[in-house]
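All residue numbers in this chain count up from 1 along the given sequence.
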Amino acid sequence: MTRRQFITLLGGAAAAWPSAARAQQQALPVIGFLSSSWPVDRARYLTSFRQGLREPGYIEGQNVAIEYRWAQDQADRLPDLAADLVRRQVTVIAAHDTPSSIVAKAATTTIPIVFASGGDPVKLGLVASLNRPGGNVTGVTFVTAQLGAKQLGLFA
């Protein structure tokens, strides 16, 4: 190899390296969306979900990807759908409802899970307590009785 060939090879590698490094750095974070229902039944919820992501600057297809998994009212499909999200190593799992939340928690202890639940997350086994959820699971609940007591405790 001549000196000129070596310099040309080195220069070509140096020029290609930054673009290869940028390509590796531009991998989008992936949200795994898990629901026990049908997409058509949750269209309004999905609109709100995407709007909530847009507020801090996350836009689907631009700087975040979303992998949707719908059980279509067949609860027995949820474990396989959750396992698929875990295999794909999503960044976070958004569990749309209580059944999805329970199955997602059983599927992984390492991927963060954000749930929306109408039940008591402590009684459901999703979190250790409301003030210290622990583990990889956190979320929103609509249980007003216990939250009311918690709110009164804040005034004391």
Side-chain angles (χ1 to χ4, degrees), residues 14-151 153-154:
W17 180 77
S19 62
R22 276 194 303 274
Q24 289 176 354
Q25 292 172 350
Q26 291 180 1
L28 298 179
V30 179
I31 298 171
F33 184 92
L34 184 63
S35 177
S36 65
S37 60
W38 294 79
V40 68
D41 294 340
R42 299 296 176 224
R44 216 170 79 202
Y45 179 83
L46 283 174
T47 300
S48 298
F49 178 71
R50 289 182 185 117
Q51 177 61 37
L53 288 172
R54 270 193 296 274
E55 288 173 7
Y58 293 104
I59 299 170
E60 184 176 7
Q62 289 184 12
N63 58 3
V64 69
I66 304 174
E67 291 278 336
Y68 297 95
R69 298 295 180 272
W70 302 94
Q72 302 173 341
D73 296 329
Q74 297 175 24
D76 59 320
R77 294 184 61 212
L78 280 171
D80 289 338
L81 296 173
D84 183 49
L85 292 173
V86 171
R87 269 191 306 278
R88 293 178 182 269
Q89 298 179 349
V90 296
T91 308
V92 62
I93 296 174
H96 167 256
D97 49 31
T98 300
S100 300
S101 304
I102 293 168
V103 170
K105 182 178 183 206
T108 181
T109 58
T110 56
I111 298 173
I113 300 167
V114 180
F115 67 84
S117 174
D120 180 348
V122 177
K123 286 184 182 174
L124 291 170
L126 293 172
V127 297
S129 72
L130 293 179
N131 61 340
R132 297 207 187 266
N136 63 319
V137 182
T138 191
V140 177
T141 185
F142 307 104
V143 179
T144 57
Q146 290 179 337
L147 291 178
K150 184 73 172 172
Q151 289 169 339
L154 292 173

Do Asp120 and Thr141 make a side-chain contact, defined as non-hydrogen atoms from C-beta onward lying under 4.5 Å apart? no

NE2 of His96 to CG of Leu46, rounded to nearest 0.5 Å, is 7.5 Å

Between Ile31 and Ala94 the two heavy atoms that sit nearest each other are CG2-CB, 4.1 Å

Q) Less than 4.5 Å apart, any side-chain heavy atom of Val127 and any of Thr138? A) no

**Asked** Does the side chain of Leu53 come within less than 4.5 Å of Ile66's, by heavy atoms?
**Response** yes

(Q) Under a 3.5 Å threshold, yes or no: a donor from one side chain and an acceptor from the other, between Ser117 and Thr98? (A) yes

Q.
Set out, in order, the CA-CA distance, both residues' side-chain angles and the distance that settles salt bridge (Lys or Arg N to Asp or Glu O under 4.0 Å) for Arg77 and Asp80, then state yes or no.
A. CA-CA 6 Å; Arg77 294 184 61 212; Asp80 289 338; over 6 Å; no

Separation between CD (Gln74) and CG (Leu81), nearest 0.5 Å, reads 9.5 Å

Going through the distances and angles, do Tyr45 and Asp97 end up as a side chain to side chain contact (heavy atoms under 4.5 Å, CB included)? CA-CA 11 Å; Tyr45 179 83; Asp97 49 31; over 6 Å; no

side-chain hydrogen bond (donor to acceptor under 3.5 Å, both in side chains) filter on Gln62, not counting sequence neighbours, yields none

Is any side-chain heavy atom of Leu126 closer than 4.5 Å to one of Ile102? yes

Nearest heavy-atom approach of Gly125 to Lys105 is O-NZ, 2.5 Å

Keeping the roles fixed (side chain from Thr108, backbone from Ala104), state whether a donor-acceptor pair exists under 3.5 Å. no

#### Entry: Gln89 atom CD, over 12 foreign heavy atoms within 6.0 Å
no

In terms of heavy-atom contacts, Val92 and Pro112 come closest through CG2-O, 3.2 Å

- Message: Can a donor-acceptor pair be found, under 3.5 Å and without considering hydrogens, that links the side chain of Ser36 to the backbone of Ala71?
- Response: no

Of all heavy-atom pairs linking Asn136 and Thr110, the shortest is ND2-N, 3.8 Å

For Ala82 and Val103 the tightest heavy-atom approach is CB-CG1, 3.8 Å

* Do the side chains of Ser101 and Leu124 get nearer than 4.5 Å, heavy atoms only? -> no

side-chain contact (heavy atoms from CB on, under 4.5 Å) test vs Ile113 passes for just one of Val137, Leu85, Leu34, namely Val137

All heavy atoms of Val30 vs all of Glu67, minimum pair found to be CG1-CG, 3.5 Å

Margin query: I'd like to know whether OH of Tyr58 has more than 12 heavy-atom contacts from other residues, nucleotides or ligands below 6.0 angstrom.
Written below: no

**OP:** Determine whether Asp84 and Arg69 make a side-chain contact, defined as any pair of heavy atoms from C-beta on separated by less than 4.5 Å.
**Re:** yes

The complete set of ring-ring contact (aromatic ring centres under 6.0 Å, His included) pairs with one or both residues in residues 59-82, sequence neighbours excluded, reads Phe33-Tyr68, Phe33-Trp70

